[in-house]
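So the structure is just underneath, and the comments pick up after that.
Counting starts at 1 for both ligands and their atoms, in listed order. Any value given below was found using the heavy atoms of this structure, including those in side chains, with hydrogens, waters and symmetry copies removed.
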Amino acid sequence: MSIIARDSSRIIREICGLAPVMPVLVVNELKSAKPLAEALVSGGIIALEVTLRTPVALDVIRAMSEVAGAHVGAGTLITADDVRAAKQAGAKFGVSPGATAELLSACEKENLPLLPGVATASEAMKLLARGYDVLKFFPAAASGGVTVLKALSGPLPAIDFCPTGGINANTAASYLALDNVVCVGGSWLTPPDLLEQECWTEITKLANQATKLADCR
Ligand code: 3PG
């Protein structure tokens with residue numbers, strides 16, 4: 001059991017508690033970063049996961065980190081290099097679709113709180129043994145969704161989840177109603193066409209609707 005890992009999960013739990021939905025952001029244009037973060041924050045969605053899937057992602061993290069009220073993390077962390085780059089860019093936390101020994105060690109060394117991903121009980125148990133008790137359940141819908149999360153709550157009551165992958169405005173509430181779900185992740189707050197057309201007001205509306213899901217928790 002690592003104290004650093006326990007601390008990491010404690011911080012991740014706080015971040016997941018900031019809003020019912022953590023948007024999974026794929027940002028192609030650096031110029032979108034600030035207005036997008038402002039649109040989400042003004043709608044009440046303040047913990048933002050910027051995926052390292054575009055060439056500008058690290059600069060997007062830097063730019064969004066300047067937006068008042070935004071808590072910006074880096075998603076799609078795969079390697080130790082990703083962790084170092086995210087930390088240098090100012091990410092306050094990291095998210096990964098999975099977890100490798102290399103990734104965990106890098107986050108612990110860099111002091112970057114991590115939401116590591118799992119899809120099975122064995123993966124979750126390995127992380128719990130190391131001290132991680134808040135985990136991303138990924139890909140949530142494809143891995144059995146609400147049914148599997150309910151089934152895991154019996155044998156693994158110490159673990160809470162942020163399910164992500166295949167969740168949308170219609171299904172989020174059923175996940176948030178579960179006792180072992182702290183928040184859900186998803187990309188539905190930032191449809192690519194709204195991003196391309198810079199429809200920031202529409203994105204604020206989607207964010208606002210998402211914050212109302214807090215009533216389901
Ligand atoms: C991802 O990593 O892409 C997330 O799981 C988002 O999934 P979604 O696009 O189905 O919300």
Legend entry - Option from N180, D179, V181, L178 for which side chain to side chain contact (heavy atoms under 4.5 Å, CB included) with K150 holds: L178
Inset, instruction - Find out whether I61 and L52 are in side-chain contact, i.e. whether some heavy atom of one side chain is under 4.5 Å from a heavy atom of the other. - result: yes
Inset, instruction - May I ask you to identify the nearest protein heavy atom to atom 10 (O) of ligand 1, giving residue, atom name and distance to one decimal place in Å? - result: G166 N, 2.7 Å
Legend entry - Those atoms of ligand 1 less than 4.0 Å from some heavy atom in G165: 5 (O), 7 (O), 10 (O)
Legend entry - Nearest-neighbour protein heavy atom for atom 9 (O) of ligand 1, which is reported as residue plus atom name and distance: S187 OG, 2.5 Å
Inset, instruction - Identify, for atom 1 (C) of ligand 1, the protein heavy atom at the shortest distance, and state residue, atom and that distance. - result: R53 NH2, 3.2 Å
Legend entry - Those atoms of ligand 1 less than 4.0 Å from some heavy atom in G186: 11 (O)
Legend entry - Within reach of ligand 1, part of F138 (heavy-atom separation under 4.0 Å): side chain
Inset, instruction - Would you check if L114 and L103 make a side-chain contact, meaning some heavy-atom pair closer than 4.5 Å? - result: yes
Legend entry - Any donor-acceptor N or O pair under 3.5 Å, side chains R130, S2: no
Legend entry - Closest approach of any protein heavy atom to atom 4 (C) of ligand 1, naming residue and atom: T164 CG2, 3.5 Å
Legend entry - L115 versus K136, closest heavy-atom pair with distance: CD1-N, 3.5 Å
Legend entry - Heavy-atom check, side chain of M64 versus side chain of L25, under 4.5 Å: yes
